[in-house]
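Notes follow the structure.
When a ligand or atom number is given, it counts from 1 through the structure's own listing order. All heavy atoms count here, side chains included; hydrogens, waters and symmetry mates do not.
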Amino acid sequence: MAEDWDAEFGTEPTAVIPSFFDMAGLRSPVKEGAINGNQIFESKGSEAANFGKRCSNTFGNSTGFGGFGKQGSGDGNGFDTNSSYIFEKQPVAGFAETTTVNESEFGSRVVRGCGFGRGNRGGFPRSSPQNAIEKASGDGPPVGRGSFSARRGFANHPGDGSGFSSSCGRGGFSSTSGIRAPKVTYVPPPPPEEESAIFAPYQTGINFDKYDEILVDVSGFNVPSAILTFAEAHLCETLNKNISKAGYLKPTPVQKHGVPIVLAGRDLMACAQTGSGKTAAFLLPILEMLMRGDVAASQFKELQEPEVVIVAPTRELINQIYLEARKFSFGTIIRPVVVYGGTSTGHQIRQVLQGCNVLCGTPGRLLDIISKGKVGLSKVQFLVLDEADRMLDMGFEPDMRKLVTAFDMPSKQNRQTLMFSATFPEEIQRMAADFMKTDYLFLAVGQVGGACGDVHQTILQVDQYSKRNKLIEILTNIGIERTMVFVDTKRKADFLAAFLCQENFPTTSIHGDREQREREQALGDFRSGKCPVLVATAVAARGLDIEHVQHVINFDLPSTIDEYVHRIGRTGRCGNVGKAISFFDSNTDLRIARTLVKVLSDAQQEVPTWLEEFAFAAYGTSYHNPLGKVFASVDSRKGLGGNKDFSSYEANLPVTYAGKDHEDAWE
Ligand SMILES: Nc1ncnc2c1ncn2[C@@H]1O[C@H](COP(=O)(O)OP(=O)(O)OP(=O)(O)O)[C@@H](O)[C@H]1O
């Protein structure tokens, strides 16, 4: 059973939305060497092989995959629900004796049962991605309009929002019944203090030097000269020491151009491939400028006024950026702090009040803490949007506008605004311009939106009924190399992880319905190799920098090519090579066929003939789809009669349809 969490400020206890692992009895008190709620399974020979039948001695009580029930019922998800697993589990207060999940998530043809009725769809109104986004980032109390209720009704709690109900898909509390929305009060373990841990180097790969061959285009006026070495940036001694301790011998292209641009006080929109060092490209010059400006040591005050605000779309990514800021500011008086959802607000406020020069946050939690009067923005010198195209799409854009307008944030003329991403659709570029000085510089390293050239991409035509077996086949060949498996819904992430566990693959999962503690534990188990397979939704698609990820498998392809580029960019980082295998189901993925062909061919990857045929059938050879030009490969100002001084760039590159991400992914 999930730990009991006292309310954030130590008041009434609040229940927690048990995740799938609870319901499947995968988190009951376990004996040494058994399975915890995150690490679903360690392959332990015959004992493991029995996992799919019973795990009585593994979990300390009788739990396991049971048999299969009778014919299931449609779940309104477009799946022909015709099969299910039934997890027998200890009766747990508030839950039925059995938890049934639909194997149709994997599209099995085998007819199995679903011993379960389904409640009304509840949870976030499908049309409000902001709610879904907030829940994903865990910012603010999860509040649905109407009521949260499980997709599945439980035996004693019909999923109509009348009471506490939950499922691995979605669930929670009914806001109509007056129960307080749950406030999980997780306090993350403090980051390591040892220098060896702080400066743990990321092994650059054999192709690191190939970065120098990548074409770079900077458009705008009075472009500062690039640096060839870190020494040419004339950074302070402490920063140079930290760069050296981090193992950075020479700058990557985005750093060569980005560092001098930021040091020159310019606004910057930077696009560079995944894993190419964008984080240091903004952190190093910002920290240098603070040092040059004799930034005051931030001390305890009831109102903190940071000089830098950095935002990113997910909790794990903003925490990663915070740790990088902590690394590069080591030995200086500069104090970075991180705030993100799913954790105790009180704890984070206490961290902020102890001093804060660089505030890293996910939007919802950041706005929450600012609204509580703990943080003032009047002294902000730098505003950074990492994964900027995501921060400005329909999900986060309102929060970003509120951040720059609703408080005392200096106007764009009186601050430096920096935006970074590996992808930047033109419509987003235009929106980004609202946040930046008109003379911002657009830095394109390589093909904007292009896939990292160090990732070997393979596309396999696999229908939904064959995906599971194909995945098993691939994982069997891969062995224990770290592999991220992306799926399009949270529910599928849990089920696929459980399925892989049953098949003796040490697996964990990360998605927006898991508690933050579980998410961080899952990442930790994946990073350490304890669970070399991580099943994830889009919440892990962007920015995460995990060493030794050799494989990315798109069990489900995303709906946009940008997300595909980011997902496969979890491997092949910093000059290392990686492999990405994607399952293309012609019943669902036609919309991405054409852009997939373009990304593959731009990255000199093999394009399967069948995929070209699908792409042609979908859109013909025309590169102008009805949705207009949304895939930018140039500075959008050029297309709008921008100044002719910009360096030349092919203007008629194909465009792509930038659809909506699968909303589940962001919840
Ligand atoms: N100049 C450098 N020399 C060696 N390693 C570097 C250098 N710059 C960055 N790295 C390392 O490369 C890895 C990738 O960097 P980073 O996460 O900033 O990439 P990114 O471009 O932001 O990727 P993404 O687009 O996926 O967010 C990190 O582990 C970082 O420490």
| Does Phe328 have its ring centroid less than 6.0 Å away from the ring centroid of Phe199? |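 Distance test on ring centres: not under 6.0 Å, no.
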
| query | What residue among Arg517, Arg519, Gln516, Glu520 forms side-chain hydrogen bond (donor to acceptor under 3.5 Å, both in side chains) with Tyr186? | reply |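 One option only clears the test, and that one is Glu520.
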
| request: Might you point out which heavy atoms bring Glu563 and Ala541 nearest each other, and give the distance in Å? | output: OE1-CB, 4.1 Å

Starting from the N and O atoms of ligand 1, find every protein N or O within less than 3.5 Å and list the pair with its distance.
residue, atom, partner, partner atom, Å
ligand 1, 1 (N), Lys250, O, 2.8
ligand 1, 1 (N), Gln255, OE1, 3.0
ligand 1, 8 (N), Gln255, NE2, 2.8
ligand 1, 10 (N), Tyr248, OH, 3.4
ligand 1, 17 (O), Arg573, NH2, 3.0
ligand 1, 18 (O), Lys278, N, 3.4
ligand 1, 18 (O), Thr279, N, 3.0
ligand 1, 18 (O), Thr279, OG1, 2.8
ligand 1, 19 (O), Gly277, N, 3.2
ligand 1, 19 (O), Arg573, NH2, 3.4
ligand 1, 21 (O), Ser276, N, 3.1
ligand 1, 21 (O), Gly277, N, 3.2
ligand 1, 21 (O), Lys278, N, 3.1
ligand 1, 21 (O), Lys278, NZ, 2.8
ligand 1, 23 (O), Gly275, N, 2.8
ligand 1, 23 (O), Arg573, NH2, 3.0
ligand 1, 25 (O), Lys278, NZ, 2.7
ligand 1, 26 (O), Arg570, NH1, 2.9
ligand 1, 26 (O), Arg570, NH2, 2.9
ligand 1, 26 (O), Arg573, NH1, 2.8
ligand 1, 26 (O), Arg573, NH2, 3.3
ligand 1, 27 (O), Glu387, OE2, 3.3
ligand 1, 29 (O), Asp545, OD2, 2.4
ligand 1, 31 (O), Tyr248, OH, 2.6

| query | Under the ring-ring contact (aromatic ring centres under 6.0 Å, His included) test, which residues partner Phe230, sequence neighbours left out? | reply |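 So Phe230 forms no ring-ring contact (aromatic ring centres under 6.0 Å, His included) with any residue.
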
| request: Could you point out which residue of Met391, Met269, Met400 forms a side chain to side chain contact (heavy atoms under 4.5 Å, CB included) with Phe435? | output: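 Going through the options one by one, the only one that passes is Met400.
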
| task | Please determine which of Leu268, Val262, Val218 meets the side chain to side chain contact (heavy atoms under 4.5 Å, CB included) test together with His257. | result |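 Output: one option passes, namely Val218.
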
